[in-house]
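Here's the structure, in structure tokens; my notes come after.
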Amino acid sequence: MNRLCIVVPCYNEEEALAYTNKELTNIIQRLVEAGKVARSSFILYVDDGSKDETWNIIERYHKESPFVYGLKLTKNSGHQNALTAGLLAAKDYGDMIVSIDADLQDDVSVIEEMVDKFIQGYDIVYGVRKKRDTDTFFKRTTALGFYRLMRAMKIDIVYNHADYRLMSKRAVEVFSRYEERNLFLRGIIPLIGYRSAVVTYDRKLRIAGESKYPLSKMLSMAFEGITSFSIQPILMITNLGLLIVLFSILAAIYGFYSYLSGRVVAGWTSIILSIWFIGGVQLLSVGLIGTYIGKIYIEVKQRPRYNVEINNLLEKQHEES
């Protein structure tokens, strides 16, 4: 019987955890009763340095329920690092691992469909939104632009998929070998290459608390994804530079012709605008190249992506040994 682990990264989720724990516990019990997962299946909450009562609530649930375990990071390391910490901690205990956010805007009922796909032989099952009716016009438009931009940058990414997915134990084992510090899981997971499937669902409204992904973090994630997985921006800058050189040659030919024909006109404005334009392109190019160099700097230091303070799963290891 395959063991299911549900990994839930949490940051200041004290208001949502009661509902979240109830729903996830119910889904595990239902799958156990249906004979689809082992009775030793469990939920792993990852506290990403929360400043509220999130960890105390997780510890209480751990004491009250055989299904609940907790992983506490020493400080806030970011959603992608917290999710990675949960996946890597769970891979030694679960045959299939589902990742889902604590707000449960993703429909937990499709976890059963994911498990069915796993039983059919799929190693990765992506949870994909059917539509974006609950989003504002701005959110819907920017999200569409994000996925189109990713595709334009030659990044293999599943449309309308966030971090709600099932991965087999061997898929997580392969993922553990991707050791980069600049994490963008939506781009990394498709690189694994195992057999994958998609299940669709309708996204719900957040039950409590505030979104942990405001516009600034969404833009930051988009930039992180582009610069971590694509050199297209540098190629675009190169092409722009070549285009500017071409126009400069044409302008020089035109200026020489005007001089010979006696139609020279003082062009102070055009000169100033040209200088500003070229200067802006140079600064943009230097900044973009600097971003890539900065990422190299972060990678070569090989610092830990996160530090674990408490890991309740060690108790599970002790019980089973």
Side-chain angles (χ1 to χ4, degrees), residues 3-14 16-17 20-21 24 41-59 61-62 67-104 106 111 124 127 161-189 191-192 212-213 217 220-221 224-225 228 295 298-299 301-318:
R3 181 186 288 172
L4 168 67
C5 171
I6 303 177
V7 173
V8 188
C10 305
Y11 179 66
N12 295 341
E13 295 288 359
E14 62 179 3
L17 274 178
T20 300
N21 193 64
L24 294 180
S41 298
F42 62 97
I43 306 163
L44 176 62
Y45 293 106
V46 182
D47 179 27
D48 187 23
S50 297
K51 299 177 181 178
D52 59 5
E53 292 297 306
T54 295
W55 177 248
N56 292 332
I57 295 172
I58 291 171
E59 282 205 310
Y61 289 157
H62 171 59
F67 291 122
V68 178
Y69 291 85
L71 183 73
K72 179 175 172 55
L73 304 186
T74 56
K75 61 184 287 294
N76 180 246
S77 301
H79 178 271
Q80 299 290 278
N81 284 318
L83 181 51
T84 299
L87 291 173
L88 298 187
K91 69 180 175 64
D92 295 328
Y93 305 93
D95 299 295
M96 46 185 160
I97 302 167
V98 172
S99 57
I100 188 171
D101 288 339
D103 56 22
L104 289 198
D106 301 314
I111 290 179
I124 303 173
H161 164 71
D163 287 304
Y164 185 27
R165 68 179 73 87
L166 177 147
M167 298 175 67
S168 67
K169 179 184 179 68
R170 70 169 185 165
V172 179
E173 289 281 1
V174 173
F175 166 67
S176 68
R177 300 205 295 267
Y178 288 77
E179 298 180 349
E180 57 253 50
R181 270 60 188 160
N182 300 287
L183 283 174
F184 183 62
L185 298 188
R186 301 181 201 184
I188 293 176
I189 303 304
L191 295 178
I192 292 174
K212 304 304 184 295
Y213 268 91
K217 284 195 174 182
S220 176
M221 173 173 277
E224 182 76 28
S228 296
K295 286 182 175 291
I298 291 172
E299 293 291 341
K301 287 190 292 186
Q302 292 289 299
R303 287 179 177 172
R305 290 179 292 198
Y306 53 84
N307 293 309
V308 176
E309 183 175 344
I310 302 173
N311 183 1
N312 293 152
L313 279 176
L314 296 178
E315 299 174 16
K316 192 175 187 67
Q317 183 182 33
H318 178 70

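Owing to the predicted nature of the structure, the values given are computational and were not obtained by experimental measurement.
With values rounded to the nearest 0.5 angstrom, Ile310 atom CD1 is found 9.0 Å from Asp47 atom CG. Note that the SG atom of Cys10 and the CD1 atom of Ile57 stand 9.5 Å from one another [nearest 0.5 Å]. With rounding to the nearest 0.5 angstrom, the CG atom of Asp95 is 14.0 Å from the CE atom of Met167. In this structure, CG on Leu166 lies 8.5 Å from OG on Ser99, to the nearest 0.5 angstrom. Residue Asn81 holds its CG atom at 8.5 Å from CG of Leu73, rounded to the nearest 0.5 Å. In this structure, the separation between CD1 on Ile43 and CD1 on Ile6 is 5.5 Å, given to the nearest 0.5 Å.
The shortest distance between side-chain heavy atoms of Phe175 and Leu185 falls below 4.5 Å. Side-chain contact between Asp163 and His79 is present, with heavy atoms from C-beta onward closer than 4.5 Å. Side-chain contact between Lys91 and Ile97 is present, with heavy atoms from C-beta onward closer than 4.5 Å. Side-chain contact between Arg165 and Ile189: present, with at least one pair of heavy atoms (C-beta onward) separated by less than 4.5 Å. Using a 4.5 Å heavy-atom threshold, the side chains of Ile111 and Tyr164 count as touching. Looking at heavy atoms from C-beta onward, Tyr93 lies in side-chain contact with Phe42 at the 4.5 angstrom threshold. Using a 4.5 Å cut-off on side-chain heavy atoms (C-beta onward), Arg3 and Ser41 make contact. Residues Leu17 and Tyr45 are in side-chain contact: their nearest non-hydrogen atoms beyond the backbone lie under 4.5 Å apart.
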CA sep, side-chain torsions, deciding dist, call: Glu180, Ile188, side chain to side chain contact (heavy atoms under 4.5 Å, CB included): CA-CA 10 Å; Glu180 57 253 50; Ile188 293 176; 3.5 Å; yes

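Across all their heavy atoms, Ala171 and Ile192 have their closest contact at O-CD1, 3.6 Å. Taking every heavy atom of both residues into account, Thr20 and Ala102 meet most closely at OG1-O, 2.6 Å. Here the closest non-hydrogen pair linking Leu88 and Ser176 is CD2-CB, 3.5 Å. When every heavy atom of Trp55 is checked against every heavy atom of Asn312, the shortest pair comes out as CH2-OD1, 4.0 Å. Between Leu44 and Gly86, the closest heavy-atom pair is CD2-O, 3.7 Å. Scanning both residues, Ala82 and Val46, for their nearest heavy atoms gives O-CG1, 3.6 Å.
Side chain of Asn12 to main chain of Lys51: a donor-acceptor pair is present (N/O by atom type, distance under 3.5 Å, no hydrogens or angles). With Asp101 contributing its side chain and Asp103 its backbone, the two residues share no donor-acceptor pair below 3.5 Å. Within the 3.5 Å criterion, the main-chain N or O of Glu53 finds a donor-acceptor partner in the side chain of Glu14.
Side-chain contact, Tyr306 with Asp48: no donor N or O sits under 3.5 Å from an acceptor N or O.
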